[in-house]
**Student:** 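Got a structure for you, written out below as structure tokens; questions coming shortly.
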Amino acid sequence: MDFELSKAQKDIQKAARDFAKGEFSKELAAELEAKHEFPFDIWRKAGELGFIGLHYPEAYGGQDYGSFENALVVEEFCRRDSSIGSAMMSCDFSAEIVLRCGTDEQKKFYLPPVAYAESIFGGAFTEPDHGSDITHMATTAVKDGDHWVLNGVKTFITNGGIAHHYVVLCQTDDEAGYKGQSMIMVPGDAEGLEITDVGAKMGIRLNPTGELSFKNVRVPASNLLGKEGRGFYQVLEFFDESRIEVAAQALGIAQGAFDRAIAHAKTREQFGKKIGAFQATQHKVADMATKLELARLITYKAAWNYDQGRVDPKLASMAKLYAPRIAVEIADEAIQILGGWGYMTEFEVERFYRDAKITEIYEGTKEIQKNTIAAAVLGKLR
Amino acid sequence: MDIVVCIKRVPDVAEADVEIERSGLRIDDSDLSWGMNEWDTFAVEEALRLEAEHGGTVTALTVGGEDDEEVLRRALAMGADTAIRLADDAFEGSDPLAVATVLAAAIRKRPYDLVLTGAVSGDTGSAQLGGMLAALLGAGQVALATRTAFANGKLEVQHEVEGGLERVVELDLPAVVTVQTGINEPRYVSIRGIRKVASVEIPVEGAGDLGLDVAAVGAAGAREALSELFLPPTGEGAEILEGGPDEVAEKLVERLRERGGI
Amino acid sequence: MSTNTNQNPKILCVVERAGAGLDDTAWELLGAARALAGEGGSVGAALLGEGVGELANELARGYDDVWVFDDARFASWDGEAYARALAPLAQREQPALILAAHTNLGIDFAPGFSVRAGVPLLPDCLSLESAGDGSAWEAVRTVYGGKVHARMTCTPSEQGAMATLRAGAFAAAEPGAEVTGRVHAEDVGDDVGQGRRPVRTVEPEASEVDITQAAVLVAVGRGIEDEENLEIVQSLAEALGGEVACSRPVVDKGWLPKSRQVGTSGLTVKPKVYLAVGISGSFQHVGGIKGSPFLVAINKDARAPIFGVADVGVVGDLFDVVPALEAKIREAKG
């Protein structure tokens with residue numbers, strides 16, 4: 001048992017911290033949030049420096065590191081800025097499916113541009129009629145000679161409109177239910193693909209969220225990702241990995257909100273005393289610090305476990321349940337500690353709060369996580 | 001051009017509340033983050049820039065314990081070719097001259113044209129190392145450089161002098177130059193760079209390797225010693241205005257009016 | 001050297017020139033040295049330059065001895081050449097203590113010189129006194145960016161000891177009306193000035209504003225965090241009818257030109273009112289503020305050294321205080 005980061009891990013953490021400190025700013029975040037604009041300049045710089053896809057193998061543009069190191073980067077980025085950090089974290093969303101299920105040819109084609117910040121990814125799983133329930137897809141893909149032809153609608157798609165490639169979960173055998181689903185790669189500029197923005201949202205405004213409408217979209221048969229009929233399982237396996245990343249995102253947001261609350265409590269005075277000198281504040285801070293520590297432990301453990309080659313959906317779901325929950329709680333308490341200032345945009349914590357909330361919703365809501373955890377604990381009950 | 005960069009690991013106190021340990025001889029650094037001295041990051045970048053333009057090698061040196069290796073790895077990740085940590089029990093308690101003596105011994109062991117180091121360090125801030133090193137090495141020196149350029153075997157250095165002026169001087173090599181902040185834009189450490197150096201074993205050289213007389217370094221040779229650290233009294237001299245932003249603004253306006261500022 | 005060497009010591013001060021005259025620190029060194037030398041000690045000055053006879057006489061109105069190195073190679077300051085030239089003087093005169101100023105020039109000169117002279121160096125002293133029954137020197141200096149003070153003890157070598165004094169930290173001695181000291185012309189060795197040659201002196205870039213002439217300055221430092229935030233300082237300066245100045249980090253980041261930098265590496269200003277906003281107050285910055293203006297400091301760090309020199313301080317977030325202040329000023333002005 002050893003809770004110390006390795007030298008390289010500390011170096012990665014520090015490099016991410018320095019980069020975020022130098023490049024992210026609250027003014028930029030506020031400006032991009034107002035314009036609903038992705039931080040393209042920062043994304044390109046992050047790609048040049050190897051912060052994106054560091055958990056891909058070198059042969060595919062990565063740095064041969066694991067989920068753990070990726071989580072450290074995500075945490076540091078989100079800690080510095082919840083919105084820019086979240087945008088950076090999700091710029092390669094679902095590219096891991098190519099990494100885990102793709103052919104060598106597909107990996108060489110899709111992954112290096114992602115790592116070098118030339119290509120953004122989007123995962124198109126959710127449909128208008130069913131959110132986290134993905135057991136049956138209304139979007140279909142039908143073989144037509146050397147091509148797949150896609151029809152249907154996907155919604156709440158992160159990076160919808162700016163992604164260069166989408167991983168689309170389709171029903172390829174309408175009779176076989178979730179065993180009849182497959183993943184098809186669709187380029188963002190495919191003919192017949194129409195993308196509209198789903199509208200204004202509470203947080204993560206630097207990532208567009210789109211609705212994808214497929215009308216006879218034709219892509220080569222070789223765009224099948226993984227095995228035909230395995231799409232549903234591939235999504236679930238991806239969640240074992242991506243939920244850890246969301247936990248790291250939530251952890252970073254929580255830490256960032258905490259940092260700001262502490263700075264405020266140490267400098268701001270009320271009734272002639274520092275806010276931090278009041279026991280009411282002290283008890284809040286103690287609870288926040290304890291929750292942070294627990295979230296970090298479970299997130300790090302889940303990431304480490306994944307890198308050991310052990311797939312543990314329960315642990316990933318626990319991290320994804322706990323870190324987002326405390327991120328929302330800590331951001332909420334941070335606003336409370338800042339009082340009126342906390343409610344003001346300029347003091348950032350309200351944005352951290354709004355950005356934190358999504359982590360309880362996407363990649364499976366907290367209710368879905370509880371289902372997964374309970375199923376693992378209780379087993380099959382009759 | 002073969003360049004040696006002397007760097008140091010220091011705690012970042014810019015935004016921290018600094019407390020003194022009970023011993024009175026150290027600050028409480030348990031909550032501080034450590035990293036490469038800010039001035040030294042500029043020195044490393046300047047070395048890498050000169051190397052990229054004119055070829056040669058960049059070697060990073062630091063005097064310190066295992067924890068201090070982090071700054072050498074950072075220099076390597078930024079692009080330095082070699083890094084050596086200078087460590088020995090005999091170096092404990094060294095004063096600035098002794099640190100310079102250790103570094104000079106390490107520099108003398110290898111071919112070098114130029115030694116760069118940060119003009120100041122964020123901890124002791126005494127701005128002595130460069131000048132001492134140069135004198136020990138018998139090399140020329142310039143302090144507080146804001147620009148360097150190499151041509152025809154000479155180094156042209158612009159540096160800060162009196163009255164807000166800067167002066168350009170031409171230096172024969174070998175020489176020691178201390179570097180000011182703002183001379184360049186230090187690069188970020190890349191994950192690629194970190195991976196490249198993750199498996200590098202950084203060699204350690206001690207007093208024996210450097211041929212140093214242990215009586216000349218460490219506490220034994222120190223003529224300068226710290227007897228006490230203390231916090232300066234807060235706001236001594238200044239009248240501190242209390243209250244919310246509007247309240248203090250009101251009071252400030254009064255004071256400014258009294259003093260003819262409005 | 002035996003113990004008790006600090007009793008009535010012989011002190012050598014290496015003085016600086018500024019433009020055509022002497023730097024203020026030349027008289028601060030004298031003030032500090034006189035206090036340490038006492039009645040029985042002696043205080044000498046070393047002056048280097050070209051055609052500096054007049055200045056030598058001026059020094060001799062306060063110093064007991066003035067050693068003059070008049071040579072073309074010393075026309076502009078060269079820490080390297082100065083150190084080589086002065087080492088033989090120190091060897092011959094055997095001062096117990098050598099003083100210089102901790103300025104840009106002092107930093108270029110003192111460390112190398114101390115090694116050549118074989119003496120330990122106490123840099124950047126805020127105070128300096130004899131300690132250990134006269135067998136040692138004790139100094140207070142700042143460390144950790146001015147947030148902490150350190151009391152240092154220095155044991156002289158056989159050759160004595162050296163200290164550099166922070167500009168402005170020691171009271172200057174007034175020169176007398178008459179020349180009372182002895183002026184000695186010194187020979188300059190051939191090996192001086194090798195290896196380092198002055199090429200040209202660079203004046204700060206001309207700019208549309210001259211902060212050295214402004215009566216009211218609003219100076220901004222690292223605390224402003226981002227270039228875009230400069231706006232709030234600019235509008236405060238406008239409200240006050242003053243100019244915006246800054247400390248070094250702001251220039252390093254390229255947010256403001258060097259022509260707005262106050263400090264020993266920037267410009268020296270003499271305003272009536274000086275607002276230091278988000279400036280920690282390093283001695284390099286404070287060293288550029290002359291003429292005792294009414295100094296207001298706004299900083300969120302209660303331990304920032306700027307509060308040590310300010311007349312009025314506000315411990316708080318500049319992003320709250322500055323806009324509030326601007327509003328109140330505009331209100332007051334109607």
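In what follows, every heavy atom counts, from backbone to side chain, and hydrogens, waters and symmetry copies are set aside. Each chain gets a letter, A, B and so on, in the order the sequences are listed, and its residues count up from 1.
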**Student:** For atom CD of Q282(A), decide whether the heavy atoms of other residues, nucleotides or ligands shown that lie under 6.0 angstrom number more than 12.
**Tutor:** yes

**Student:** Could you have a look at R268(A), E58(A), K45(A) and say which one has the most heavy-atom pairs with chain B under 4.5 angstrom?
**Tutor:**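 Among the listed options, the one with the most contacts to chain B is E58(A).
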
**Student:** Verify the neighbour count for atom CG of D31(B): are there more than 12 heavy atoms of other residues, nucleotides or ligands below 6.0 Å?
**Tutor:** no

**Student:** So for atom NZ, which belongs to K109(B), do other residues, nucleotides or ligands contribute more than 12 heavy atoms lying within a distance under 6.0 Å?
**Tutor:**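 Counting other residues, nucleotides and ligands, NZ of K109(B) exceeds 12 neighbours.
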
**Student:** Do the side chains of R187(B) and D18(A) get close enough for a salt bridge, i.e. N-O under 4.0 angstrom?
**Tutor:**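 A salt bridge is absent here (no side-chain N lies under 4.0 Å from a carboxylate O).
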
**Student:** Just checking R110(B): does its CZ atom have more than 12 heavy atoms from other residues, nucleotides or ligands closer to it than 6.0 angstrom?
**Tutor:** yes

**Student:** Taking all heavy atoms of G50(A) and all of R192(B), pick out the closest pair and write down the distance.
**Tutor:**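 Reported closest heavy-atom pair: N-NH1, 3.3 Å.
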
**Student:** Is it the backbone or the side chain of I12(A) that comes under 4.5 Å from a heavy atom of chain B, or both, or neither?
**Tutor:**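 Interface part for I12(A): both.
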
**Student:** Passes salt bridge (Lys or Arg N to Asp or Glu O under 4.0 Å), D67(B) versus K7(A)? Steps please.
**Tutor:** CA-CA 10 Å; D67(B) 288 342; K7(A) 285 179 185 174; over 6 Å; no

**Student:** For atom NZ of K196(B), is the number of surrounding heavy atoms from other residues, nucleotides or ligands below 6.0 Å larger than 12?
**Tutor:**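 Correct, the count exceeds 12.
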
**Student:** Answer with side chain, backbone, both or neither: which region of P245(B) has an atom nearer than 4.5 Å to a non-hydrogen atom of chain A?
**Tutor:**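 Looking at P245(B), just its side chain touches chain A.
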
**Student:** Taking atom CD of Q308(A) as the centre, does the number of heavy atoms from other residues, nucleotides or ligands within less than 6.0 Å exceed 12?
**Tutor:** yes

**Student:** Please walk me through it: do I194(B) and Y65(A) pass side chain to side chain contact (heavy atoms under 4.5 Å, CB included)?
**Tutor:** CA-CA 11 Å; I194(B) 290 170; Y65(A) 285 112; 3.9 Å; yes

**Student:** Against chain B, label K10(A) side chain, backbone, both or neither, depending on which of its atoms sit under 4.5 Å from a heavy atom there.
**Tutor:**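 Neither; nothing under 4.5 Å.
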
**Student:** Take a 6.0 Å sphere around NZ of K266(A) and say whether it holds more than 12 heavy atoms from other residues, nucleotides or ligands.
**Tutor:** no

**Student:** State, to 0.1 Å, how close F51(A) and V189(B) come at their nearest heavy-atom pair, and which atoms those are.
**Tutor:** CZ-O, 4.0 Å

**Student:** Of the non-hydrogen atoms in R195(B) and Q63(A), which two are nearest, and what is the gap between them?
**Tutor:**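 Nearest heavy atoms, R195(B) then Q63(A): CD-O, 2.6 Å.
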
**Student:** For residues R74(B) and D11(A), determine if any side-chain heavy atom of one lies less than 4.5 Å from a side-chain heavy atom of the other.
**Tutor:** no

**Student:** Contact part of E48(A) toward chain B, heavy-atom cut-off under 4.5 Å: side chain, backbone, both or neither?
**Tutor:** backbone

**Student:** Would you say that more than 12 heavy atoms from the other residues, nucleotides or ligands in this model lie under 6.0 Å from the CZ of F230(B), or not?
**Tutor:** yes

